[in-house]
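Only heavy atoms go into these numbers, but all of them, side chains included; no hydrogens, no water, no symmetry mates. Since we're looking at a predicted model, the values are computed, not measured.
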Amino acid sequence: MDTSRASTCTYALNKKSVEYALHVMAGAGFKKVDLWGGMPHFSINESEYSVDKLIETAGSYGLQIANIGSYCGRKFSSDSSEEVQQELRDTKKTIDIAHRLGTRSIRISPGSGELEALDKIVPHFKEAAKYAESKGVYMGFENHGGGISGNPDACAELSEKVGSKHFGVLYEPCNLMHGGVDYKKALAKFSQSVTHVHIKDGAPQADGKFKGTMLGDGVIDVVWVVENLNEAGYTGDFALEYEVSYIEPIETGLIKWLEYYESL
C-alpha cells in the first residue's frame, strides 16, 4: 500500500503534549498527522496556543499536519443568532489556521447531530464551505452515532444540500460498524462526498458488542476501503486512528499498524 497519503491521529495521546505526540508519530514512520482539535494539541485561542510553535515543532519532526480534528459547526443548530455567528467566525478562523499550516482538511460537527436540525444548519455550512474553498481547505463531519453522521442517507442529503466539493463526510468505517451500519453500503450512499478518512479495525464480540482490535485483526477490509475511495475519485489522506492502547501502548503498536498498512 502506498503510504504517501497515510496519516495518523494524535487523539490517543491527547493527555500528552503535542511535542510528545508528534515525536511518537514521527518515530513510528509517519510523515503526516491528524491533529486533535483540543488542548494541549490545538486551539484557535492564540493566548493559550502558538501556531508558530506548532509549525516549528512539526517541521523539526518532518511532519505535515494533514487534518485538524476540530469541532466546528456544533452551534450552527442553535436558536441564538449570536451563537451561530460566533461559531461561523470560529470556523473561519480554524480554516485560516489550516490554510496557514498547509493542512488539507478539518473536521466539523453537523450542528447538534439531530436529523431535525439538518435543514437549519445547511445555510451556515454553505457559507463556511464557500470560505473553505477559497482557502483550499476541505471540511468533513465524522461518521459517529446520531441522526445525521450515523445515517448514510442523511450524510448524503446534507452533503448534497450544502453543495460544495469542499464539504462532506469524514468516512469512518469502524465507527459505522460500531453503530450497526454496514460500512460498504454506507459508502455507496456518499462516495462522491468523502473529504477525509479514518482507518481502524474492530470485530463483534461474544456478547454482541463491537470492539476495537489491532489493524488487520478485525472485519474492516482496508484494501476495499482504499480501492473503492480511489475509484470514486478521492484524492485525500487515510488517517490510521490508533485507539487500542488497552491492547498495546501506542508507542509500539502504531509502528505495527503502519507496517501492516504498508504490507497490503
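Ring planes of H124 and F76: tilted class, angle from 30 to 60°. Between Y20 and H23, the ring-plane angle classifies as tilted under the 30° and 60° cut-offs. Classification of the F42-Y49 ring pair by plane angle, with boundaries at 30° and 60°, yields perpendicular. Below 30°, between 30° and 60°, or above 60°: for Y261 and F238 the angle between ring planes is between 30° and 60°, a tilted geometry.
A donor-acceptor pair under 3.5 Å is formed between the side chain of H166 and the backbone N or O of V137. The backbone N or O of R107 lies less than 3.5 Å from a partner atom in the side chain of S70, making a donor-acceptor pair. Distance alone, capped at 3.5 Å, is enough to place a donor-acceptor pair between the S77 side chain and the S112 backbone. A donor-acceptor contact shorter than 3.5 Å links the side chain of E87 to the backbone of R74. Judged by distance alone, with hydrogens and angles left aside, the side-chain atoms of Y171 form a donor-acceptor pair with the main-chain N or O of Y183 at under 3.5 Å. With T195 contributing its side chain and M139 its backbone, the two residues share a donor-acceptor pair below 3.5 Å. Here the side chain of N175 pairs no donor or acceptor atom with the backbone of H144 at under 3.5 angstrom. A donor-acceptor contact shorter than 3.5 Å links the side chain of H41 to the backbone of K16. Under a 3.5 Å cut-off, the side chain of R5 and the backbone N or O of G236 do form a donor-acceptor pair. The backbone N or O of G150 lies less than 3.5 Å from no partner atom in the side chain of N143, so there is not a single donor-acceptor pair.
Residues I44 and Y138 do not share a hydrophobic cluster, defined by chaining ILVMFWY side chains whose heavy atoms lie under 4.5 Å apart. In the hydrophobic cluster analysis, where Ile, Leu, Val, Met, Phe, Trp and Tyr join through side-chain heavy atoms closer than 4.5 angstrom, M214 is grouped together with V24. Note: the hydrophobic cluster containing I255 does not contain L22 (ILVMFWY, side chain heavy atoms under 4.5 Å, direct or indirect links). Both V226 and L176 belong to a common hydrophobic cluster when Ile, Leu, Val, Met, Phe, Trp and Tyr are linked at side-chain heavy-atom distances under 4.5 angstrom.
At least one side-chain heavy atom of C72 sits under 4.5 Å from a side-chain heavy atom of I108. Looking only at side-chain heavy atoms (C-beta outward), I95 and E133 stay at 4.5 Å or farther from each other. T235 has its side chain within reach of R104: a pair of non-hydrogen atoms, C-beta onward, lies under 4.5 Å apart. The closest side-chain heavy-atom distance from T91 to Y131 is not below 4.5 Å. No side-chain heavy atom of L258 sits less than 4.5 Å from a side-chain heavy atom of L254. The shortest distance between side-chain heavy atoms of S191 and Y234 does not fall below 4.5 Å. P110 places a side-chain heavy atom less than 4.5 Å from the side chain of F141.
K161 approaches D119 most closely through the heavy-atom pair NZ-OD1, 2.7 Å. Contact detail for A203 and G218: the closest heavy-atom pair is CB-CA, 4.2 Å. Pairing each heavy atom of P152 with each of V181, the nearest pair is CG-CG1, 3.8 Å. Of all heavy-atom pairs between G202 and T213, the closest is N-OG1, 3.5 Å. Here the closest non-hydrogen pair linking A239 and C9 is CB-SG, 4.0 Å. Nearest heavy-atom pair across Q64 and T103 is NE2-N, 4.0 Å.
Sorted by first and then second residue, the pairs that involve residues 235-249 and meet salt bridge (Lys or Arg N to Asp or Glu O under 4.0 Å), not counting sequence neighbours, are K32-D237, K200-E241, K200-E243, E248-K256.
Evaluation of the salt bridge (Lys or Arg N to Asp or Glu O under 4.0 Å) rule for D2 yields no partner, not counting sequence neighbours.
Between I68 atom CD1 and L101 atom CG the span is 5.5 Å, to the nearest 0.5 Å. One distance of note links OH of Y260 with CE of M1; it measures 8.5 Å at 0.5 Å rounding. One finds the CG atom of L54 at 9.5 Å from the CD1 atom of I97 (value rounded to the nearest 0.5 Å). Distance check, rounded to the nearest 0.5 Å: NZ of K189 to CD of E157 gives 12.0 Å. Put simply, CG on N67 and OG on S7 are 7.5 Å apart, with the number rounded to the nearest 0.5 Å. One distance of note links NE2 of H196 with CD of E172; it measures 10.0 Å at 0.5 Å rounding.
Inspection of the D34 and Y11 side chains reveals no N or O donor paired with an N or O acceptor under 3.5 Å.
When ring centroids are compared, W257 and F30 stay outside the 6.0 Å threshold.
Between D52 and R100, at least one side-chain N (NZ, or NE/NH1/NH2) sits under 4.0 Å from a carboxylate O, which counts as a salt bridge. Electrostatic pairing of D79 and K120 counts as a salt bridge here, judged by a charged N lying under 4.0 Å from a carboxylate O.
Annotation: K184, atom NZ; neighbour count of heavy atoms from other residues, nucleotides and ligands within 6.0 Å is above 12.
None of V219, V225, V223 except one satisfies the side-chain contact (heavy atoms from CB on, under 4.5 Å) rule with D221; the exception is V223.
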Solution key, residues 56-63 side-chain donor-acceptor pairs under 3.5 Å, sequence neighbours excluded:
from	atom 1	to	atom 2	distance (Å)
T57	OG1	K53	O	2.9
S60	OG	T57	O	2.6

